[in-house]
Number of protein chains: 2
Amino acid sequence: MTARKQRLDPRKKPVQKRSKITVDVILLAAAQVFESHGYAAGTTNRIASRAGVSIGTLYQYFPSKEAIAVALLERHLAETDHRLHEWVGHMVVEQHNLYEALHDYVTGMLEMHAKQPRLQHILLEETPLPERVHQALIEAEQHAAKTVAGLIRLYPEVRSNGLEHTCFVIVQTVESLTHRYAAHPDDQFIPQAIFVDEVVKMIIAYLKCDSSSL
Amino acid sequence: MTARKQRLDPRKKPVQKRSKITVDVILLAAAQVFESHGYAAGTTNRIASRAGVSIGTLYQYFPSKEAIAVALLERHLAETDHRLHEWVGHMVVEQHNLYEALHDYVTGMLEMHAKQPRLQHILLEETPLPERVHQALIEAEQHAAKTVAGLIRLYPEVRSNGLEHTCFVIVQTVESLTHRYAAHPDDQFIPQAIFVDEVVKMIIAYLKCDSSSL
DNA sequence: TGAAATTATGAGCAAATACTTAATTTATGT
DNA sequence: ACATAAATTAAGTATTTGCTCATAATTTCA
């Protein structure tokens, strides 16, 4: 439970096929254990046991419990980034209008967050993460904001003044709302289709609005 | 560390002035300790020590560590609710236009979340809370949505169709965005005034927009 | 005053927990 | 086949944690 955190690198990196599988199995088990027990109660022994691997093996490839959580999160970050670029690719190829483009974006983010909502929540909020991971998260978000801005800028109906701030708010909004919606899928009284539509409507209105509208 | 959770009620409720002070001191200390150590590392012994009270005394008035966190959170919930009703009072008395009203609302929520952002984050996200607390949180949010809807409805420039869903999205948006903004006050590259203004602008645009705007 | 009720004490327990290490098994390449 | 490197094992350590309980101090009120 204590933060010893002496070792920062794993003792071994997997070189044989066997151990690469072991690492994968451990991460898979960790995801399941964290998902069903939370971070604090997701003990390393339980993870090892679930992976069908001895606790010693686990500590060969992960220097600490924290390292496991970080590895899991990095995976998720990479996937989100991949998803975003996939979206950009689609937008460039197919000629979508603004509504369709934003609809795709919001839907994609919602699906992203809906995948393992509890695990993501645990990793992002319940787990005390090292500073560098927080930095990485912030940078990823800023990168996303720029990417979105680059695409949105192309649509003529979008007002151009203050687009910097506007896109920041939009990315934050989509991120927050989809995260929130996906995190509590049960106690929502709005169906997903309507929810996505409303969010898109709000963003479009925001993008078009005259800034002199007191 | 373990979740024993046998006892659900405190052994004693404070009846003398002395013990009432003790309870307050414990809660104050708990807030400080959680804020600086997080939930897991915010041990009951540390809380008692910080409060200048023996660990036994702490357990006279709080049956478990969890109970302390819940008490702290209930305090915060009550304050939020108070704040909301105060806002409604102001709106009814003074005749604000839509922009002013929403500006007050967003600012109020932001101040609310900015008060002890780290503590709130720890209590809301890092702490494993019992189900009934989650229920209370959801109910509080729905209550807030209805209150906001009741006020917004009065403004003639607001479109009337689908206001149910619209207000749900608005409350979620304000809640999420202010929470997020307040949680990471350092790494924001948008000043607070501009942030609030942008959010209000978005909401107003959303409230006015024609729903047939593909 | 003095006895009953309330409040405070803190050493210590039982139950974890993250992690180590010495020994063993399995794979690799020649 | 065989020596070396890689991978796995699981019993065990040191530490921490939430919490109890027997005792003592203080307050209340007759």
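Letters A, B, ... mirror the listed sequences (proteins, then strands); counts begin at 1.
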Would you say A:Y61 reaches D:dT8's phosphate, i.e. side-chain N/O to OP1/OP2 under 4.0 Å? yes

Tabulate atom names and distances for all N/O pairs under 3.5 angstrom spanning the protein and nucleotides 1-4 of chain D.
none

B:I47 CD1 - D:dC19 C1' separation (whole Å): 13 Å

What pairs of donor and acceptor atoms, side-chain ones from residues 22-30 of chain A against any protein atom, are under 3.5 angstrom apart with sequence neighbours left out?
residue: A:T22; atom: OG1; partner: A:R18; partner atom: O; Å: 3.1

Between C1' of C:dA16 and NZ of A:K65, the distance in whole Å: 12 Å

Closer than 4.0 Å, any side-chain N/O of B:T44 to the OP1 or OP2 of D:dG18? yes

Rounded to whole Å, CD1 of A:I68 lies from P of C:dT17 at a distance of 14 Å

So, is B:S19 close to the C:dT6 phosphate, meaning a side-chain N or O under 4.0 Å from OP1 or OP2? no

Among A:H179, A:H76, A:K115, A:E125, which residue satisfies the side-chain hydrogen bond (donor to acceptor under 3.5 Å, both in side chains) criterion with A:Q120? A:H76

Please tell me if the side chains of B:I203 and B:Y105 come closer than 4.5 Å, counting only heavy atoms from C-beta onward. no

Nearest heavy-atom approach of B:L77 to B:A140 is CD2-CB, 3.9 Å

Considering non-hydrogen atoms only, spot the tightest contact between A:P10 and A:Q60 and give its length. CB-O, 3.8 Å

How many whole angstroms separate atom OH of B:Y59 from atom C1' of C:dT6? 21 Å

Per A:I55 side chain, nearest of listed nucleotides D:dA10, D:dC19, C:dA18: D:dA10

Does A:S64 make a side-chain N or O approach to OP1 or OP2 of C:dA18 shorter than 4.0 Å? no

Nucleic acid footprint by protein, nucleotides 25-30 of chain C - heavy-atom cut-off 4.0 Å, B for base, S for sugar-phosphate alone: -BSS--

For a 4.5 angstrom cut-off between non-hydrogen side-chain atoms, does A:E198 reach A:K201? yes

What do you reckon, is CD of B:E86 surrounded by more than 12 foreign heavy atoms closer than 6.0 Å? yes

Is there a side-chain contact between A:S54 and the phosphate of D:dA10, meaning an N or O under 4.0 Å from OP1 or OP2? no

Quick one: is A:R11 getting a side-chain N or O under 4.0 Å of the D:dA6 phosphate, OP1 or OP2? no

Atom CZ of B:F62 to atom P of D:dT20: distance rounded to whole Å? 15 Å

For B:K20 and C:dT6, give me the distance from atom NZ to atom C1', rounded to whole Å. 13 Å

Can you tell me how far P of C:dT20 sits from CD of A:Q60, to the nearest Å? 10 Å

Any idea which of C:dG10, D:dG18, C:dT17 is nearest the A:T43 side chain? C:dT17

Report the distance from atom CG of A:N45 to atom P of D:dT16, rounded to the nearest whole Å. 18 Å

Please say whether the positively charged group of B:K65, taken as NZ for Lys or CZ for Arg, lies over the ring of B:Y39, i.e. under 6.0 angstrom from the six-membered ring centre and within 45 degrees of the axis. yes

